[in-house]
Amino acid sequence: MSDKPTIREHWSGAWGFILAAAGSAIGLGNIWKFPYITGENGGGAFVLVYLLCIAVIGAPVMICEFALGRHTQRNPVGAFQALSPKTSVLAHLVGIGVLLAGLFLLLFGSWGWSVLLIALGLLIFRYGWTLVGVMGVTAGFTILSFYSVVAGWTIGYIWKAATNQLNFANVAMAKEHFDHFILHPGWAIGCHFLFMLLCVLIVYKGVRSGIERWSKILMPVLFLIILVLIVRSLTLPGAMAGVRFYLTPDFSKINANSVLIALGHAFFSLSLGMGAMITYGSYISREENLFSATLSVVGLDTLIALMAGLAIFPAVFAQGFGPDAGPGLVFQVLPTVFHQIPFGAFWAFLFFLLLMIAALTSGISLLEVVTAYFVDERGWARHRAAVAFGLAIFLLGSLCAISVADWSRLEGLQAVLLKIFGTTKASFFDTMDNLSSNWFLPLGGLFIALFTGWIWGTKHALDEIRHGSSNFGDVHLFSLLAGLKDDPSHNSRIHVVTLASLWGIFIRFISPVAVLIAFLHTVGWLDLRP
Ligand code: TRP
């Protein structure tokens, strides 16, 4: 595996790694998306379901990613390559299945999909599990292309707050301003460019003096800003209505659909499913305790999401707005809220700065996945990879930036896609979002869990996890089911369920099934709505 002469850079210690990984996890997902999906799905009860998804699905999968990365010391593609068996029956079966589906579609004349599936089937047959890594690197590309557009908006809004332009009397005015702003090509592309530039500059500097150093500076700042905003929000008259909405669970507002939204978001929020945590894991030293690191990262990510809700809902309710404004909640409702309280422009500035910092430490993790692949597998210099792919993502993202609302500015591209695939999503921006969030991430998470549980094997993964975390516990009762029956710990005289065995069971059965159901639901092949 380590046939490369260069020494891989590592985090300076546990804290640097935890802050960097938490920086990746904490992002627009926590501060922009979590509050609005909580608002749309009824508040408190949804928060509880989300916490459950984080604990039982998110945390186990994150341990898998860290272990895969640290064991192989590679990017996602290299990691899967290093651990894949020569032939995998499962991979062959999936390959044949996809191939047959492609041939079947040929009968119905949808040749675009059919060619795509046949090619995919052949690739799966040929490359097997390595393709999961390839999908991860591709997802890094597609996610960052739209993520950096939204992150760019935060830069625009920082500027607007600083120059006191966010003085809206009502949400309708704020919405009009926002719609106009995101459709303005100069603003949208300019801000998107600035954001990508910041990402490239940090990734260019490398693991320790780039990613770790900036995470160590930016994450505490983020924490302080959000604390200040919570205090401001909670001390507004009428804030308690928001707290009540946010923290009182009403399970009648929850249905199967909300549960699946919570599960999907748990994945996105923890940066799982595309190998970002495999890549960050590959920079951890063997002395580090993966288990407690996972708990810290998951804990910090959840804490910040909960805090974001506590900063936003009391303010929104105090000023008499509803919580269900959707994606516009933080860009439209909040500026209006801030405008009504003293020193509003200052609070708005602070809030959008918070959002930008959160997005930045996530953006660098996405760019790092692509960069690490070209550095490890293609022998590129880090500098060259960071700049080249930063630029490539900027270009793809520019297409997203000018097409957030519809295809009107990309009619040529739409015509081509329509010809090949028969349908297109609402816009190019939506297409990238949909492709990554609904396809790449859940499939990636599914295969990462299956691979760790059944191909690499929980026993081998646990051997890796045990480095630096000897107290991981001994196993008896469930060790057979968890695939640990040859492990020495199997001889423990005390019949206890341990975290190790629970983890194995989750990884082998529960996480894959849960993710599969969520996936089938989001792509519309399974309808659980009452
Ligand atoms: N977790 C980040 C957020 O909450 C987004 C993100 C960064 C991400 N890296 C990722 C999502 C990798 C999925 C995979 O905003």
Side-chain angles (χ1 to χ4, degrees), residues 19-38 50 53-54 57-59 61-62 64-66 69 75-76 132-133 135-154 195 199 202-203 211 215 218-219 222 226 261-281 297-298 300-309 327 330 354-373 393 432-448 515:
L19 280 189
S24 165
I26 297 166
L28 295 173
N30 302 56
I31 301 167
W32 171 59
K33 192 158 180 204
F34 178 71
Y36 89 68
I37 57 176
T38 301
Y50 173 74
C53 292
I54 288 277
I57 316 285
V61 174
M62 187 179 283
C64 292
E65 289 208 19
F66 285 156
N75 64 89
V132 180
M135 184 167 75
V137 174
T138 315
F141 227 90
T142 50
I143 297 178
L144 191 50
S145 77
F146 71 88
Y147 198 83
S148 58
V149 171
V150 180
W153 300 343
T154 67
F195 181 79
C199 288
I202 295 178
V203 170
I211 301 174
S215 303
L218 295 174
M219 296 314 285
L222 176 139
I226 202 165
I261 292 178
L263 181 60
H265 185 65
F267 256 74
F268 186 83
S269 186
L270 292 175
S271 299
L272 297 176
M274 56 147 293
M277 293 305 182
I278 296 182
T279 310
Y280 275 22
V297 175
V298 168
L300 284 173
D301 183 70
T302 311
L303 182 69
I304 297 292
L306 294 178
M307 287 170 76
V330 308
L354 166 77
L355 207 52
M356 203 273 292
I357 291 175
L360 183 59
T361 50
S362 301
I364 55 181
S365 76
L366 291 160
L367 184 59
E368 177 62 22
V369 173
V370 184
T371 306
Y373 166 72
I393 293 169
M432 287 296 121
D433 182 3
N434 175 49
L435 192 65
S436 339
S437 311
N438 299 345
W439 292 83
F440 291 160
L441 291 183
L443 284 178
L446 175 67
F447 288 129
I448 286 169
V515 176

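Atoms within each ligand, like the ligands themselves, are counted from 1 in listed order. Please read all numbers here as calculations on a predicted model, not as lab measurements.
For an aromatic pair to be called close, the ring centres must be under 6.0 Å apart, and Phe34 with Tyr50 satisfies this.
Atom 11 (C) of ligand 1 has as its closest protein heavy atom Phe268 O, 3.3 Å. Summary of contacts: the protein heavy atom closest to atom 7 (C) of ligand 1 is Ser271 OG, 3.3 Å. Atom 15 (O) of ligand 1 has its closest protein heavy atom at Tyr147 OH, 2.6 Å. If you check which protein heavy atom lies closest to atom 12 (C) of ligand 1, you get Met274 SD, 3.4 Å.
In the model, Ser271 has a side-chain atom that pairs as donor or acceptor with a side-chain atom of Ser24 under 3.5 Å.
Side-chain atoms of Thr154 come within 3.5 Å of backbone N or O of Ala151 as a donor-acceptor pair. The closest donor-acceptor contact from the side chain of Glu65 to the backbone of Gly273 lies under 3.5 Å. Looking at Ser362, its side chain does come within 3.5 Å of a backbone N or O of Ile26 through a donor-acceptor pair. Listed for the Asp301 side chain is no donor-acceptor partner under 3.5 Å among the backbone atoms of Val298. Judged by distance alone, the side chain of Ser269 and the main-chain N or O of Ala266 form no donor-acceptor pair under 3.5 Å.
Counting the atoms of ligand 1 from 1 in the order shown, those under 4.0 Å from a heavy atom of Ser269 are 1 (N), 4 (O). When each atom of ligand 1 is checked for a heavy atom of Ser362 under 4.0 Å away, the hits are 2 (C), 7 (C). Within the listing of ligand 1, atoms 7 (C), 9 (N) sit less than 4.0 angstrom from a heavy atom of Ser365.
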task = Go through the steps for Lys33 and Leu28 under the test side chain to side chain contact (heavy atoms under 4.5 Å, CB included), then give the verdict.
result = CA-CA 6 Å; Lys33 192 158 180 204; Leu28 295 173; over 6 Å; no
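Close to ligand 1: Ala25, with a non-hydrogen atom less than 4.0 angstrom away.
Checked by distance only, ligand 1 and Leu28 come closer than 3.5 Å through their nitrogen or oxygen atoms. Residue contacts with ligand 1: Gly29 is placed with a nitrogen or oxygen under 3.5 Å of a nitrogen or oxygen of the ligand (distance criterion only).
Residue nearest to atom 2 (C) of ligand 1, selected from Ala359, Gly23, Ser24: Ser24 (by heavy-atom distance).
With rounding to the nearest 0.5 angstrom, the CZ atom of Phe268 is 6.0 Å from the CD1 atom of Ile143.
Contacts with ligand 1 closer than 4.0 Å are made by no heavy atom of Ala358, backbone or side chain. Using a 4.0 Å cut-off between heavy atoms, Leu441 contacts ligand 1 through its side chain alone, with no backbone atom that close.
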